[in-house]
Amino acid sequence: PDVVRGAAVLELGCGTGAVGLYAAALGASRVALTDGGPPALLQLARTNVDANAQLYDGEVGVRPLEWGTPLADLGACDVVLASDVTYAADAQPALASTLRALTDGGCRRILVAHERRVANDDAPDEKFDGFVAAAAAAGLGVATLHTESVGERRVLVLEVGAEEQ
């Protein structure tokens, strides 16, 4: 809660908007839910914003955002949240480019949830490794803050930031 309370939050790849709406309910002052998916997905997020309006006091909006494109008119953000956005290897460079632009634009914290989709803990995680490599190519570092296992599912909470020069 302390990460988002009073903060301007940007959610990347919002899908239904659950993560951003949770941030709003925890006290974020402003939340921008973004996704590059079809209009129907963005409409679903808008429907969920309206259906959950009683849970938050801040401003919550939905808008399209294609990773790797200029970040026009997003406004300043304090915290970027992204969940389950690292699974598509072909999208990782564009995601990393967007994260770099957000870092350069002054976002103070970027948190990404990554689910390991491998057979066991000893197996290499190509999606994770690919995301780390794409981030490094964009001049970003990735640190694991937390690992959570629920049954056979394992989720890592990652912090992404500019590499020290």
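Heads up: numbering here begins at 1 and tracks the sequence.
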Could you check if a side-chain atom of Val31 sits within less than 4.5 angstrom of a side-chain atom of Leu21, using non-hydrogen atoms only?
-> no
Minimal non-hydrogen separation, Arg154 against Ser149, with atom names = CG-OG, 3.7 Å
Can you tell me if Thr34 uses its side chain to pair, donor with acceptor, with the backbone of Glu11 under 3.5 Å?
-> yes
Where the side chain of Thr103 meets the backbone of Leu99, is there a donor-acceptor pair that is under 3.5 Å apart?
-> yes
Answer yes or no: is there an ion pair linking Asp78 with Arg30, defined by an N-O contact shorter than 4.0 Å?
-> no
Indicate yes or no: at least one non-hydrogen side-chain atom of Phe131 is less than 4.5 angstrom from one of Val160.
-> yes
So, do Tyr56 and Leu26 sit near enough that their side-chain heavy atoms are less than 4.5 Å apart?
-> no
Using atom types as modelled and distance alone, determine if a side-chain donor or acceptor of Gln43 lies under 3.5 Å from a backbone N or O of Pro38.
-> no
Flag the pair Val85 / Trp67 as yes when at least one side-chain heavy-atom distance between them is below 4.5 Å, and no otherwise.
-> yes
If every non-hydrogen atom of Arg100 is compared with every non-hydrogen atom of Ala138, which pair is closest and at what distance?
-> CD-O, 3.0 Å
Is there a donor-acceptor pair under 3.5 Å between the side chain of Thr98 and the backbone N or O of Gly68?
-> yes
Nearest atoms (heavy-atom pairs only) where Ala96 meets Leu140 | O-CD1, 3.6 Å
Between the main-chain N or O of His114 and the side-chain N or O of Thr86, is there a donor-acceptor pair closer than 3.5 Å?
-> no
Check the pair Val3 / Leu111 against side-chain contact (heavy atoms from CB on, under 4.5 Å), numbers first and verdict last.
-> CA-CA 10 Å; Val3 172; Leu111 301 173; 4.0 Å; yes
Leu33 and Leu42, any side-chain heavy atoms less than 4.5 Å apart | no
Check: Asn52 and Val49 side chains under 4.5 Å, non-hydrogen atoms | no
Counting only N and O atoms by type, is there a donor-acceptor contact under 3.5 Å from the side chain of Glu115 to the main-chain atoms of Val155?
-> no
Heavy atoms from other residues, nucleotides or ligands near CG of Asp129 exceed 12 (cutoff 6.0 Å) | yes
Any sub-3.5 Å donor-acceptor pair from Thr69's side-chain atoms to Leu65's backbone N or O?
-> no
Taking it one step at a time, do Glu159 and Val142 satisfy side-chain contact (heavy atoms from CB on, under 4.5 Å)?
-> CA-CA 6 Å; Glu159 185 155 19; Val142 177; over 6 Å; no
Of all heavy-atom pairs between Leu81 and Ala23, which one has the smallest distance, and what is that distance?
-> CD1-CB, 4.0 Å
Any idea which heavy atoms bring Glu66 and Gly36 closest together, and the distance?
-> OE2-O, 2.9 Å
Output yes when a side-chain donor or acceptor of Asp125 lies under 3.5 Å from a complementary backbone atom of Phe128, and no otherwise.
-> yes
Give the minimum heavy-atom separation between Arg109 and Leu145, together with the two atoms involved.
-> NH2-CD1, 3.7 Å
Would you call Asp35 and Cys14 a side-chain contact if the rule is heavy atoms closer than 4.5 Å?
-> yes
Polar side-chain atom of Asn48 near backbone of Gly17 as donor-acceptor pair, under 3.5 Å = no
